[in-house]
Colleague: 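I'd like to ask you about the structure that follows.
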Amino acid sequence: MNKLPFKYLKGRKLSGIMEKNKNEQAKKITYIIILSIVLILFFTGYSIGKTISQTTIQGKLSLARPIIEVISDSNLKITDIENEGECNFSIRNYDEKGKKTEVNLQYTVEIKDSIDSKLKDTITYELYKNGDKVELQNQISPLMKLTNKSQKEDKYTLKVKYDKTKSTQMNDILEKIQIQVHSEQETNK
């Protein structure tokens, strides 16, 4: 058996010990560097983390109350002899207690009848708002407005004229005429 000289064994042992010392020193240096970084971050005031914030908003919501009232004071009866008549009505933005609407409103006035198309030429309608004539298109008024700033009442007069001479038929018209008001809340655009 060949025995290795003592010097060689001794050198190997020394190199192994030196490698262990180097590894331990590297570990110590790594620990010191990590600890230094943590302490530097701690003393500089920087914070590493995730924040979660939650905001709760609570409120009470009430719906705006629209008010539009149509008040009519008469029925209209047109005959062969009395071939013209007037119906007065008003549209207002407040109720009988004086409470006014909370929103701006827009509305149209529509005149509805169930008269046969052959007899339509015998009856004509004229609508007046506060004394001014309102042009009707297919028996519907243009869009009109009621604001919520103050109490307002629009007075209307519907004039109905019957001309029997324009009819080629001999039978009478026994129909009713309705005044309808279509309203909606005004949209802000």
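Computed from a prediction, not measured in an experiment: that's the story for all the values here. What's counted below: heavy atoms across the whole structure, side chains too, no hydrogens, waters or symmetry copies.
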Colleague: Are Tyr107 and Val103 linked, directly or through intermediate hydrophobic residues, by side-chain heavy-atom contacts shorter than 4.5 Å (ILVMFWY only)?
Modeller: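 As far as the 4.5 Å side-chain criterion goes, Tyr107 and Val103 are connected within one cluster.
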Colleague: For Gln139 and Glu110, which I'm curious about, is there any donor-acceptor pair between the side chains at under 3.5 Å?
Modeller: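 Result is no, nothing qualifies.
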Colleague: Looking at Glu96, I want to see if its CD is surrounded by more than 12 non-hydrogen atoms of other residues, nucleotides or ligands under 6.0 Å.
Modeller: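 Yes, because the 6.0 Å sphere around CD of Glu96 holds more than 12 heavy atoms from other groups.
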Colleague: Please enumerate all residues that pass ring-ring contact (aromatic ring centres under 6.0 Å, His included) together with Phe89, with sequence neighbours excluded.
Modeller: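 Checked Phe89 against ring-ring contact (aromatic ring centres under 6.0 Å, His included); matches are Tyr156.
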Colleague: What pairs of residues pass the side chain to side chain donor-acceptor pair (under 3.5 Å) test when at least one of them lies in residues 140-152, not counting sequence neighbours?
Modeller: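 Checked against side chain to side chain donor-acceptor pair (under 3.5 Å) - neighbours excluded - the pairs reaching residues 140-152 are Lys145-Glu186.
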Colleague: NZ/Lys100 to CG/Asp95 distance, rounded to the nearest 0.5 angstrom?
Modeller: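 Answer for the NZ-CG pair, Lys100 versus Asp95, is 11.5 Å.
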Colleague: For the hydrophobic clusters of this structure (ILVMFWY residues joined by side-chain heavy atoms under 4.5 Å, transitively), does one cluster hold both Val181 and Tyr94?
Modeller: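 Not linked; separate clusters.
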Colleague: Flag yes if Leu136 and Ile179 sit in one hydrophobic cluster, no otherwise; membership is Ile, Leu, Val, Met, Phe, Trp, Tyr, and two members link when side-chain heavy atoms are under 4.5 Å apart.
Modeller: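 The answer is yes; both residues are in one hydrophobic cluster.
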Colleague: Taking a hydrophobic cluster as the set of Ile, Leu, Val, Met, Phe, Trp and Tyr residues connected by side-chain heavy atoms closer than 4.5 Å, whether directly or through intermediates, do Leu105 and Val134 fall within one such cluster?
Modeller: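 Yes, one cluster joins them.
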Colleague: For residues Glu86 and Thr157, is any side-chain donor paired with an opposing acceptor at under 3.5 Å?
Modeller: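 No.
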Colleague: Kindly indicate, with the supporting measurements, whether the criterion side chain to side chain contact (heavy atoms under 4.5 Å, CB included) is fulfilled by Ile91 and Leu146.
Modeller: CA-CA 9 Å; Ile91 298 174; Leu146 281 175; 4.0 Å; yes
Colleague: Take Glu84 and Lys159 through the side chain to side chain contact (heavy atoms under 4.5 Å, CB included) test and state the conclusion after the steps.
Modeller: CA-CA 7 Å; Glu84 239 178 81; Lys159 292 184 179 182; 5.8 Å; no
Colleague: Membership question, hydrophobic clusters at under 4.5 Å side-chain separation (ILVMFWY): are Tyr128 and Ile123 in the same one?
Modeller: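 No; tracing contacts between hydrophobic side chains, which count when under 4.5 Å, never links both residues.
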Colleague: With Val109 as reference, evaluate Met144, Lys129, His182, Gln180 under the side-chain contact (heavy atoms from CB on, under 4.5 Å) test and give the passing residue.
Modeller: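 Per the side-chain contact (heavy atoms from CB on, under 4.5 Å) rule, the option paired with Val109 is Met144, out of Met144, Lys129, His182, Gln180.
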Colleague: Could you tell me the separation between the CG atom of Asn93 and the CG atom of Asp154, rounded to the nearest 0.5 Å?
Modeller: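 Between atom CG of Asn93 and atom CG of Asp154 there are 8.5 Å.
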Colleague: Working to the nearest 0.5 Å, report the span between CG of Leu35 and CG of Leu39.
Modeller: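 CG of Leu39 is found 4.5 Å from CG of Leu35.
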Colleague: Give the C-alpha distance, both sets of side-chain angles, the deciding distance and a yes or no for side chain to side chain contact (heavy atoms under 4.5 Å, CB included) between Leu158 and Ile111.
Modeller: CA-CA 9 Å; Leu158 176 64; Ile111 299 156; 3.4 Å; yes
